[in-house]
Every structure is written in structure tokens, then in C-alpha cells.
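Below you'll find the structure, written out as C-alpha cells, and then a few comments.
In the text below, chain A, chain B and the rest are named by the order of the sequence lines, each starting its count at 1.
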Protein chains: 4
Amino acid sequence: MAYFRYGTVAYRKWAQVSESSGVGRPRDVRRDVAMHEAALALLTEVGYDQLSIEAIAARAGVAKTTIYRRYRDKAALVAAAVEQRQGSAPPEPGGGGLRENLLAVVRWLAREIAEQEIGVLGALFAGMRGDPRLAEEMRRILRRDQTAMTDRLRGEELAPGAAELFAEVAPGVIVHRIVFAGQRCDDRFVRHVVDDILLPLLRKGIRT
Amino acid sequence: MAYFRYGTVAYRKWAQVSESSGVGRPRDVRRDVAMHEAALALLTEVGYDQLSIEAIAARAGVAKTTIYRRYRDKAALVAAAVEQRQGSAPPEPGGGGLRENLLAVVRWLAREIAEQEIGVLGALFAGMRGDPRLAEEMRRILRRDQTAMTDRLRGEELAPGAAELFAEVAPGVIVHRIVFAGQRCDDRFVRHVVDDILLPLLRKGIRT
Amino acid sequence: MAYFRYGTVAYRKWAQVSESSGVGRPRDVRRDVAMHEAALALLTEVGYDQLSIEAIAARAGVAKTTIYRRYRDKAALVAAAVEQRQGSAPPEPGGGGLRENLLAVVRWLAREIAEQEIGVLGALFAGMRGDPRLAEEMRRILRRDQTAMTDRLRGEELAPGAAELFAEVAPGVIVHRIVFAGQRCDDRFVRHVVDDILLPLLRKGIRT
Amino acid sequence: MAYFRYGTVAYRKWAQVSESSGVGRPRDVRRDVAMHEAALALLTEVGYDQLSIEAIAARAGVAKTTIYRRYRDKAALVAAAVEQRQGSAPPEPGGGGLRENLLAVVRWLAREIAEQEIGVLGALFAGMRGDPRLAEEMRRILRRDQTAMTDRLRGEELAPGAAELFAEVAPGVIVHRIVFAGQRCDDRFVRHVVDDILLPLLRKGIRT
DNA sequence: AAATAACCGAGACGGTACGTCAAGTCTTGAG
DNA sequence: CTCAAGACTTGACGTACCGTCTCGGTTATTT
């Protein structure tokens, strides 16, 4: 078995990417696809904490063993499923000024969070205690979008460090709106965020 | 049994407050206290998703049925426990200026979220699907602290609508720091939030 | 409380008849009637082991405590209900000969057992272990019907001791038919029992 | 999952004999042995209705789920345990005449019923309502002994149909003695049954 | 071609927790 | 006092998943 000892506990070596030593029957990639699709579908149907590996296996037409051979637990599976999913790319910086670009990016970010990340948040929440490595990995997934997104904001009329500040403020405000306030991120809210929060913070010359 | 039919499903009538018709043995309030204390203690010890009703019952010295008689499920119990909890009050506005007051409030808010709300977030994620009423109630709990908190910031040298803006931005940034970035809210971070984000947004005359 | 100590266990004194010491609010006899009716009805509906005190109380419109105040447990309640029940009297010995009388009695006995005693049997099986006194009481009830029944068969053309033999054989054969063979006691079976078993055994002069 | 749909309800396929499709990890037969032994032992110790699956699992050193995976409920488990048990075979027809053979068989039957079947009777009685299939199965078990037993009585000086009559009368009379009359089946009673009931009924030439 | 090594489906297994139910006791208020 | 209502403890129930394991069988690569 693919176990090794560390301290007194047996850990299984999970593949970061594939790790395949080349020998032996290779893994069937279609199984991954099926598992990810089933996981995402069930995630939106029943929510994260009602999501069971058993159900994912059944829906994907895959043996439970096949799942556990690849993923440590539910959180890791969901993380992989979300990562692999086709996240729509953030919008290209159009010809408009800073405000137009911010509006586009925030609008895209709000939709992204509202539609999909809610499952990731559950997985993150469940997994971060007790498995810091997994938590770090899920943060990496979240950051992936962030960097791609903040790249759209470099240059221009921005104060120094504006991109980092954007990444610090914008997602938090949007999540707060959705989860805590329980309200939709309509266009009015997007304009409010850009005009009343982001522009004052990011625009060069505003701050002393 | 205290069931009634709604559609094709049998629902149990859960008491919002007490519902007691006056007849029969009244519910022992100490049981509620014990349950809430056990729930909160275990919540911080093992986290939300490792939290089991079985363990709460054992810790509280209470029968499982007694819990199920009062709360539909784990999320509802956690919600009640959190609501009843002694939320430490936000600090009084001392004699210092706006910056000192902001620092105190943000420092308090960061500790509050890090230590306690983190469990509520789990309950919120878990319960909001399938029971919007519960989700709404938990949001109400969160809002309660927020309004109590923003009251500390009225008057002074604030721009109009500053309190609402604070409630919109501060918790989001803190949660983002803890959950997404996975970093502690040390004093350096608190000063950063106040100096680089809040003060520019809230100070009167800064914004055009 | 109506408890007394025997060894280390607390026993409650249950009334054989009423025991009322005259002090306090008198028991409402209609509650007994309701409880008995509910018990008998549910007994034939769901069987003995599916019979729950909870259901009896609900059906009778009586509090569970009211039942426990009067009867030790399910078996005792069923025993009382059966005892009080209107057992249809065995048929009078008509003008016909021995065979006609036997046919009438066996037919009545078969219906009696099939419809009602079947529940008592469950109580008997369940209660006889652990409470021999209760078992003896239920046997007394069964015997009461038997003796009333065998009285119909005295005199006539019977061999000496025929009535006792009848009480020994007939119920056993009928119960065997119902419980072990799982078949109905139709008229063909009744004639078979009378012609092939009872008459050869009971008729005077047949036996040497 | 080993489920199939019947009507609107999902049933689990329980193995009558083994049913194993050959695929998957095979069941450990020693688990069956342990469960049966524990069930029979506890059955005689505490009686059927005090018999709990929990206790059987503990005694057998087997997980509760392992029991529920194989048997629908308590009655099914007891039925299987009883069926598998080595029922002592009825005595061989010795060289003696009809009376000696009858005495031997009835004596064996009385002991069999008195010592062991009492638990089975309870199980049969409790389970036969509500689960006709189980009732039928337990009847099959009882019949198995009966046929083996009546085989000892064929030929000889018997009236035609005597074996069937024996199977119809003897068990009923014995059960009646034990359960209804609450008396032991001593040797005096055995002789009484043979001489006063069975011989008159079964002997060739007695009946017309 | 054969051996090797890993993958895969199916399902048994020991567990933990679930949510429900019934039994029997205890606590209140009303008659 | 007795009575009715209902909270409460205890513990069994049967179900759902968990994560591990053992099979029989199937690919691939390596020898």
C-alpha cells in the first residue's frame, strides 16, 4: 500500500499532480471528470455538508475506492473539482478609464462568488481546521483568480499598492454582502462599491 | 406528537421562544443553558463540522431527545447558542480622537470574529440552504453586534453614512484576512486596516 | 407515593380491584373503559408487540401517566382489558345430538381464538417470563372461558372425563392450526376436528 | 447499493441462502456463527422481547451494522439462528411396538418444545403479524421437525392418515399444556397423551 | 510472451452519528 | 389528595456514511 510513516501516524501519499511512477496501470482520466462533475452537481443540489462521498461515487458511476485512492477526503475532492472547473476569465481591460475597468472587474467578481464559490467556502471552512495544508491549497485556488484579476488593474492612474488593496477589500465586501447581509449583488451595489469604496482608496493622489 | 402536516411532509412545531401552552411540565431552562454552553465550548474545540449533537448532549448532561425536542438540527442549536451568548460589548468611545476609537473597535471586532463568529459562519453555511429562515436569523444575530458596534462611531469628525460604510467594509476585510488569507489579525494588521482603508473612507472632507 | 421497598427495588402497589383508600379525588371509571377499548382495538389492529402504551393513551384520549398509575406495564393493561371484555358466551346446548353441539362449540371457540385470544397469546408469551403472577392471571382468564364452555358438554352420551379431555385437546389443535400452520379455521376444518378428533375421543363406548 | 425498487419504497435484498454474486469482498461465515450463537444464548436467557440487537452484537463481537446488513430485523435474525441450529433428531423407531414408539417421540417432542422452542414461539408470534414472509419461514422451520418426526411413525399398525393427525394434535396439546396450563410435561403427562389421546386416534381398527 | 505493478468495481467490515420512538419517571397546575 | 399534560432520561431502533480492507479482474509497462 502507498503508506508511509510520519511520527506515529500513517499517511497516504496523495498525488499533487499525478506522481505516476510510470509503472502499473495508469489512472483513467475520465474517472476524474466524472467525479468532478458529480461533485459539482451535488454540491449545488444539496450543499456542502450534505454532500457525501457515497453519493458522489454513485452519481459518477465510480467505486468508492477509486475516490479514496485519489483524494484524502471530501474537502480535497471538492477542492480539486472546483479547481479544475472552467472559471470564466476576468474581463480584459477595455479602453475605458479606471472606473469602467473597476466596474467590469467587480461585476465579474460578484457573479463568480455568488454563483460558484459558495461551495468552496464550505469546503474551506470544513477543511481548514485539522488540515492546514488543505486550507492552504484552497486558498491558493482562491488566489489564482485574484492575481489574474488584479493584473487587469496595474498601471494607469493607480496609487502604489492599489492592486493588493483591491484584493484585500473587494472580495471581503462582496462576500459580506452575500453571506452576512444575504442580499444580491445587483448593479446598484456594484456601482456603490466602486464609487464609494474602491475609487477613493485606489485612485492616485487621493491619499496623502 | 407535536407534528402537523404541511404539504406532504410532517413538520414538528418548534418553539420560537417558548410556545408553552401553560399546561404540562414546563421546560427546564437550565437545560437550555447547559446545551448552549456545551455547544459553544465544543464549537471552539473541534469546529463546526466535527460538532456532533451526540457530543453536545453528553457534555451538557442532557438526553439527545431533549435537544431534538427544542431544535430542529445542529444549525438551529448553534444559532440559539450563539444568540444567547454573552457577546462582549464593543469598547466605549474613549476620550481619544477618531483614529483611537477606530483602532479600539477594529481590534475588538477582529478578536470577536476570530474567536467566536467563526463557528457561526459554519452554521450559516450549513444551514442557509434548506432553511432560509434560519439563515435570516443568523444574519440578524450578526447584524445585532454590528449595529451595537457602529453606534460607537457616530458623531465626531465622520462623513455622513460613515457608520454604514464601516459596517460594510470592516467585517468583510477581517473575515477575508482570517478565512481566505489564513492569517492572524495582529496589531499591525489592525493599524493597516484603520490607516489605509477605514480612515480614508470615513474621514469627513477626504472624499469629494 | 404508593411505593414500598422490597430488597433494593421500589415497587408500586397496584390495585387488584380499586384499592381506593377513600381519600383524594376518586378515579374516573370512564378512563378505564376508554383505555380498555383502545387497547383491544389496537390489539387486533397492529398485534401485541406493535402495541404501544403511547398509542393506547392517544387513542383513549388519556394521559400516559394515567395508564401507568393503574397498570404496571403493557401486559398488565392488556390483561385487564381482556378480562373486562365482553366475551361472547359459548352457545347454549341446542336440541341436537352430541355432534351438533360439538360443532357449535368448536366453531365458536375457533372464532373466539382467531379474533381475540390471539392478542392475549402475545401478552402471555411476553409477560410470562419475568412475571409469573401475571402469566398465572392470564391463564386464569383463559380457563374461565374454557370451563364455561365445557359446561355445555356435560351429560349426554359422553365418556367420563370427556369435558376435561375436550379442554385439553380442542384449543391446542385450533391454536396449532392458526399459529403454526397459518391457516384459517373454516367450516371444513371445524368438521374435521369434530369428526376425526373429538368424537372418537369423547364418545362413550368408543374407548375400551 | 444492494437496493431495488418495489412500488415506491426501496428494499434491500436480503440473502435467503447466500446470494453472493461473487463480486466484492465475501462475507465472513464466522460472523454468522457468532451471531447465531449469541442470539440463541440470549434468547433463552432473557426471552424474545427483552432480546436486543445491541446485546447480540456485543455478545457476538460483531458490529451492529453487520447484523443489519444481513437481517432485516430481530425476528429475521432469530429465525435464521433457529433454523441453523442443530435440532436434536427425533429418536429412531426402536424395536418396541407402536406405544413404545409414540412414547419416545412424544417425550422427545415435549422436551424439544419445553426447553427451546419457547423463545421461537415468542419470535414467531411477534413477527408473524407484520411480516407474513417471516411467519411462513418460521412455519417452515417448525414443519421441518414435524416431518422428520412423523416419518418415525409410518407403516406399522396405523390407521391411514395417522401421521398427519399426529402432527396436528400432538404439538398443539403439548403447547397447550406448557403455555396455557403452565404445567410441566412430566412422564405422567406423556403417558396420558399417548394412552388417552394419541393411541385411540391413530390405532388401526379403532375408528370405523 | 510473461511478469509486474497499479488501477478498478464491488462490497464486507467496524465505527460514529443520525433522527425517531417507546418506556417509564418526574414536575407542574388544576379540580 | 388525584388527575392530566407534558418534559425528561434512558436506551433500542434502523439508516447513512465514513474510511479501510479484501477480493477478482483489468490494463499498461517492463523484463
Ranking E:dG14, F:dG11, F:dG19 by distance to the side chain of D:Arg69, first place goes to E:dG14

**Item:** Short side-chain N/O contact to F:dC3 OP1/OP2 from C:Thr66, under 4.0 Å
**Value:** no

Counting C-beta onward and ignoring hydrogens, is there a side-chain heavy-atom pair between C:His36 and C:Leu77 closer than 4.5 Å? yes

Query raised in the report: Checking C:Lys74 side chain against C:Leu51 main chain: does a donor-acceptor pair fall under 3.5 Å?
Result: yes

note: B:Tyr68, atom OH; E:dA17, atom C1'; distance rounded to Å ~ 8 Å

* Quick one: are D:Glu45 and D:Arg59 in side-chain contact, heavy atoms under 4.5 Å? -> yes

Task: 4.5 Å side-chain heavy-atom contact, A:Leu40 and A:Thr44 - done: no

Picking from F:dT20, F:dA5, E:dA23, the nucleotide nearest the side-chain atoms of C:Ala63 would be F:dA5

From OH of C:Tyr71 across to C1' of E:dG24 the rounded distance in Å is 17 Å

Comparing nearest nucleotides in DNA chain E, the 5'-proximal residue of the pair B:Gln50, B:Arg25 is B:Gln50

In whole angstroms, the gap separating P of E:dT20 from CD of C:Glu54 amounts to 15 Å

Looking only at F:dT9, E:dC8, E:dT28, the nucleotide nearest the B:Pro26 side chain is E:dT28

Result for 5'-nearest mapping on DNA chain E, choosing between C:Lys74 and B:Ile53, is B:Ile53

Whole-Å distance, B:Lys64 NZ to E:dA17 C1', equals 7 Å

Taken to the nearest whole Å, CZ/A:Arg70 to C1'/F:dT20 is 18 Å

In whole angstroms, the gap separating C1' of E:dC26 from CZ of B:Arg31 amounts to 10 Å

When rounded to whole Å, the CG to P distance for the pair A:Asp28 and F:dT27 reads 10 Å

- request: Could you check whether B:Ser52 gets within reach of a base, just the sugar-phosphate, or nothing at all, counting any heavy atom under 4.0 Å?
  value: sugar-phosphate

A:Ile53 and A:Asp73 have their tightest heavy-atom pair at CD1-C, 4.2 Å

Rounded to whole Å, the CE-P distance (D:Met35 to E:dG14) equals 10 Å

Checking all strands, does A:Thr65 fall into the base, sugar-phosphate, or nothing category for heavy-atom contacts under 4.0 angstrom?
base

